[in-house]
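Worksheet: one structure, shown below.
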Amino acid sequence: MGTAELIWNGVAAFLVMSIYSFLYKDNPFYKFAEHLVVGVSAGYFAMILYYNAFLPKLINPLRAGQYWYIIPGILGLLMWARFSQKWQWLSRPTLGFVIGSGAGVAIPLYLQNYVIRQVHATMLPIGFTSWPLITNVLIIIMVFCALAYFFFSKQHKGAFGAAATFGIWTLMVGFGAGFGMTVMGRVALLAERVVFLRDYFAQLWGALF
Amino acid sequence: MPIISSAELQIQSNNEFFPSNTNVKSNPFFKVLFLFLCFLLIDSPLSFAAEDLSESWFNPNRLNMLIFLILFFAVIIYFIQRAKKGKSLFIRRIAGLDAIEEAVGRATEMGRPVLFVPGIEDVNQIQTVAAMIILGNVAKMVADYDTPLFVPICRPFVVPVAEERVKEGYAAAGRPDAYNRDNVRYISDEQFAYAAGVQGIMLRDRPMANLMFGSFFAESLMLAETGFLTGAIQVAGTANIHQLPFFVVACDYTIIGEELFATSAYLSKEPKLLGSLKGSDLAKAIIIGILALGAILETLGITQFTRWFFIE
Amino acid sequence: MRREIPIAICFLVGISFILEYFIPHEDVLSIFETIRQWAIIVIAFAYVLGIANLVRINSHVIQRKGRDWPYKIILVVSLFFMITVGIIFDIFGIRLGGIGEGTIFGWVYFHAQYPLQATMFSLLAFFIASAAFRAFRIRTFQASLLAVTAILVMIGRVPVGESLWADFPDFIEWIMNVPQLAGKRAIMIGAALGAISTALKVLTGLERTYLGGE
Amino acid sequence: MTFYERMMNLDRRWVYLVIGLVVVVTAIWSFAVPLYVTPEVRSVYDFVESLVPGEILMIGVDYDPAALAELHPMSYAITRQCFAKDVKLLLCCLHQNGPGMVEQVVAQVAEEYGKVNGVDYVYLGYKPYPGITILAMGQNFRIPFPEDYYGTPLDSLPMARTLTNFDNVKAIINISAGSGTEYWINYANGRYNAKLAIGVTGVMTADYYPFLQSGQIFGLIGGMKGAAEYEYLAEKGGYITREKGQLWASKSMPIQTTTHIVIILFIVIGNVGYFMSKRKK
């Protein structure tokens with residue numbers, strides 16, 4: 001391992017420990033790392049958009065004579081009207097375009113994937129003769145009750161309230177499960193960092209002594 | 001301080017589409033529902049044959065989606081129109097609203113800032129739009145007091161919308177002078193850089209109320225834990241199911257899934273838009289009916305009904 | 001007009017994207033593909049607003065010598081450093097400019113940005129532990145359900161579960177496939193209906209607050 | 001403050017310290033742990049196993065180095081399994097920080113098996129906005145990716161010449177740490193009917209069970225444990241070996257085990273403190 005790489009990795013190791021110092025309390029090292037990561041990442045994103053969106057999607061098509069790309073160019077430039085107090089309303093058509101396209105794409109797909117498909121998957125054969133059938137009954141009851149929790153036009157009282165309460169219990173079990181499933185992934189991230197630091201200090205030790 | 005008065009809510013005890021309260025036969029919705037279900041009992045025409053559709057103008061396999069979509073739109077628009085005409089619609093009070101008011105109230109009492117985090121997705125995400133609607137009203141609540149409202153932002157496109165909403169909120173409360181443009185801050189598009197920036201605000205500006213609404217990912221727990229550390233009252237709301245467990249565990253109050261949109265409907269300028277909540281409730285009632293019927297028919301081995309809900 | 005035109009654009013664009021879902025014609029699809037690419041361009045332009053906001057707010061702090069101002073200098077300098085080595089160097093053909101491996105930009109990415117990001121992410125291992133310790137108290141029935149399920153799933157995710165009870169992994173599968181799934185499904189259906197009706201209100205201009213005041 | 005109250009209100013920094021120590025210590029002294037393979041992981045493995053030489057599998061690798069610990073083991077195991085079976089691979093990366101990393105994976109494994117870029121695999125590279133890119137790929141891979149990652153036009157790559165869209169691949173496996181998966185499900189499967197399986201981080205796993213049950217995805221590899229299960233199957237199939245250090249996730253399981261136990265102990269300590277201090281009052 002060369003000296004240059006050792007130094008670069010040293011920088012990385014220093015930054016890693018600066019972030020971890022936050023766990024004890026806020027301190028100058030953490031502040032330094034925090035401001036560095038914000039600045040560097042904002043610059044990084046400017047690069048990504050320049051090289052992956054601005055150049056290939058606007059400049060190159062325009063150069064190639066696809067002049068209709070002037071439309072998004074203008075819509076984009078209109079956003080810059082925000083710099084002027086007087087003309088900032090000019091940015092609204094662009095806003096309308098972006099929000100409209102987002103909403104338009106989302107509507108049919110939300111209905112398809114989060115409603116109809118889920119409804120289809122819940123229409124299961126039911127019964128009390130075998131365990132899978134009983135499980136299906138449970139799934140359907142739990143979906144009903146959890147949906148009852150999301151009713152806004154009826155007070156959660158009486159039998160309906162009981163259903164909504166059972167619904168919230170179902171949600172809580174789901175949240176607990178979601179939490180439990182996640183611990184592993186978070187620990188994996190920490191383990192990866194610990195291995196990085198371990199390897200670096202081993203290298204440093206080897207280089208120094 | 002409450003932004004919606006009870007008069008605006010038009011509380012009335014009777015319900016429109018629940019059999020316990022109304023005469024089933026005279027309710028137009030039961031007629032529509034009945035006809036609709038009868039229609040669905042006809043065998044589904046969707047064949048899902050693998051034909052080349054690249055030259056045709058309608059995808060016949062999506063006929064069912066078209067029907068459901070038109071029906072849902074009709075229901076929503078119908079209820080909004082009804083609400084506009086002044087028909088009373090009962091909507092229960094959403095607990096999340098009280099939580100927001102309480103948190104903001106406590107912060108202003110103590111003279112400490114309010115922090116509003118609108119999630120990390122762009123403005124073309126519906127959740128972000130809902131968050132922006134809530135933001136304007138939070139600004140209105142904060143405006144009367146000289147406590148700053150910090151809005152750290154992850155996507156540049158959200159910046160102008162948030163600025164407008166905050167400015168408008170302050171103006172609506174009669175305090176346009178109190179609006180400080182520097183408090184709507186773009187931080188970074190990068191998720192964890194953004195989280196670091198927001199943590200910085202929490203640690204050093206010590207907001208008393210942390211309101212987190214919108215689309216969140218892994219940064220949710222970072223923000224919520226750091227917020228807890230600084231002793232803030234935290235209210236969070238998201239429809240991103242994977243992050244709900246962390247908000248539930250670390251926040252004082254969590255607004256779950258559809259409640260986020262309901263809260264934004266509550267807070268939007270037009271209380272009449274609450275009609276959409278009614279429409280979405282009816283849709284849920286229909287879904288429950290369909291599920292029950294579908295399960296029974298499926299048990300009896302009748303599959304044509306279920307097939308209507310199959311999407312290639 | 002300052003509000004009507006944007007709302008008209010929003011409506012037209014939105015409705016055409018909904019219609020596109022039902023039209024399989026390849027010419028239509030390719031037109032919409034182009035329009036979707038436009039959205040990317042527009043968003044790229046907005047990035048300039050973001051950078052301007054970042055620079056404006058931080059330079060205010062630096063000018064006023066506000067709290068933590070030396071750190072704000074680090075922020076602004078690192079931002080411009082990245083832009084300089086990434087774009088300016090590349091435009092002027094200076095060696096090591098541009099992005100990718102073997103450039104200054106690449107080094108900073110691999111030795112500063114990546115370790116910083118990954119470490120921020122890994123803080124969650126600590127946070128998840130402290131949140132669990134603090135919040136999983138058997139205070140109420142709901143809290144107990146949350147805590148007990150979390151503990152059971154945590155045991156099930158590591159091989160300890162199987163050594164305690166051979167069917168433990170099946171039991172966890174059952175939790176994931178029955179109550180967990182049912183709860184998620186209900187949230188999903190409700191949230192989608194809420195999102196669609198919000199989207200519809202936005203498209204039709206019933207909800208127009210996002211455009212700001214007059 | 002009584003002993004029990006102190007137990008209940010333990011400073012979070014003690015929790016942090018113990019967790020940190022446990023991870024460091026287990027990283028140094030490792031031990032073996034047994035494993036149980038879930039059906040949703042087995043179905044992905046069995047599917048790849050069923051592919052015949054020459055067929056094309058697409059892998060969408062949508063994560064950045066931050067999620068490498070959990071997801072790299074999946075990418076490596078699946079890539080090795082495919083190349084060992086002479087299955088061709090089409091790869092793309094829809095996460096802005098990932099393209100270079102994916103290149104390393106595929107180039108390294110290709111070298112191990114003597115596979116040639118453009119003939120045995122094609123790496124499309126990165127484009128921003130996953131939803132838009134996936135929709136475009138459903139039309140034609142050439143719309144978002146006229147050239148591959150290395151800048152070669154797709155039409156001059158022998159393997160890519162016959163490729164138009166998702167219809168030409170047997171299935172897509174999306175290995176992802178972000179919202180990209182939703183787009184793969186909604187667009188690639190929803191809109192274009194592509195057969196889809198996913199490998200996701202632990203936090204996302206619970207979210208995708210509904211899609212598994214509804215048949216929108218045919219398999220699900222969840223987090224470190226799923227990766228370890230896949231590695232276990234791949235090791236039994238002879239695609240990866242412990243001696244070459246190709247089992248990453250399995251090696252991390254001991255750390256997981258100890259940390260999970262410690263967190264559970266902390267929860268127990270908190271509750272004991274809570275109950276005892278309540279009883280005293």
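Sequence lines set the chain letters: A, B, ... in the order given, protein chains first and strands last, and positions in each chain run from 1.
Using a 4.5 Å heavy-atom cutoff, the side chains of D/Met101 and D/His72 are in contact.
There is no contact between D/Tyr183 and chain A, counting heavy-atom distances below 4.5 Å. Neither the backbone nor the side chain of A/Ala177 comes within less than 4.5 Å of any heavy atom in chain D. With a 4.5 Å cut-off on non-hydrogen atoms, D/Tyr126 touches chain A through its backbone and its side chain both. Heavy atoms closer than 4.5 Å to chain D are found nowhere in A/Tyr110, neither backbone nor side chain. Looking at A/Ile48, the atoms closer than 4.5 Å to chain D (heavy atoms on both sides) all sit in the side chain, from C-beta outward. Looking at D/Thr259, the atoms closer than 4.5 Å to chain A (heavy atoms on both sides) all sit in the side chain, from C-beta outward. For chain A, the nearby parts of D/Lys225 are the backbone and the side chain; heavy atoms of each come within less than 4.5 Å. Neither the backbone nor the side chain of A/Arg193 comes within less than 4.5 Å of any heavy atom of chain D. For D/Ile263, the part lying under 4.5 angstrom from a heavy atom of chain A is the side chain only.
Ring orientation note: the planes of A/Phe166 and A/Trp169 are nearly perpendicular, at an angle over 60° on the 30°/60° scale. Taking the six-membered ring where the residue is Trp, D/Phe141 and D/Phe166 present perpendicular rings, their angle passing 60° and hence far from 30°.
Ranked by non-hydrogen atom pairs under 4.5 Å with chain D, the options A/Tyr114, A/Tyr20, A/Phe179 are led by A/Tyr114. Options A/Thr122, A/Val194, A/Val195 differ in how many heavy-atom pairs under 4.5 Å they form with chain D, and the most are formed by A/Val194.
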Subject >> Test side chain to side chain contact (heavy atoms under 4.5 Å, CB included) applied to A/Val187 and A/Met184, step by step >> reply: CA-CA 5 Å; A/Val187 173; A/Met184 174 159 274; 6.0 Å; no
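Inspection of the A/Tyr149 and A/His156 side chains reveals no N or O donor paired with an N or O acceptor under 3.5 Å.
Closest non-hydrogen pair, D/Met74 versus D/Ile221, comes out as CE-O, 3.7 Å.
Aromatic ring centres of A/Phe201 and A/Trp205 lie farther apart than the 6.0 Å criterion allows.
Just one of D/Thr38, D/Val44, D/Val200, D/Val41 meets the side-chain contact (heavy atoms from CB on, under 4.5 Å) condition when paired with D/Leu220; it is D/Val200.
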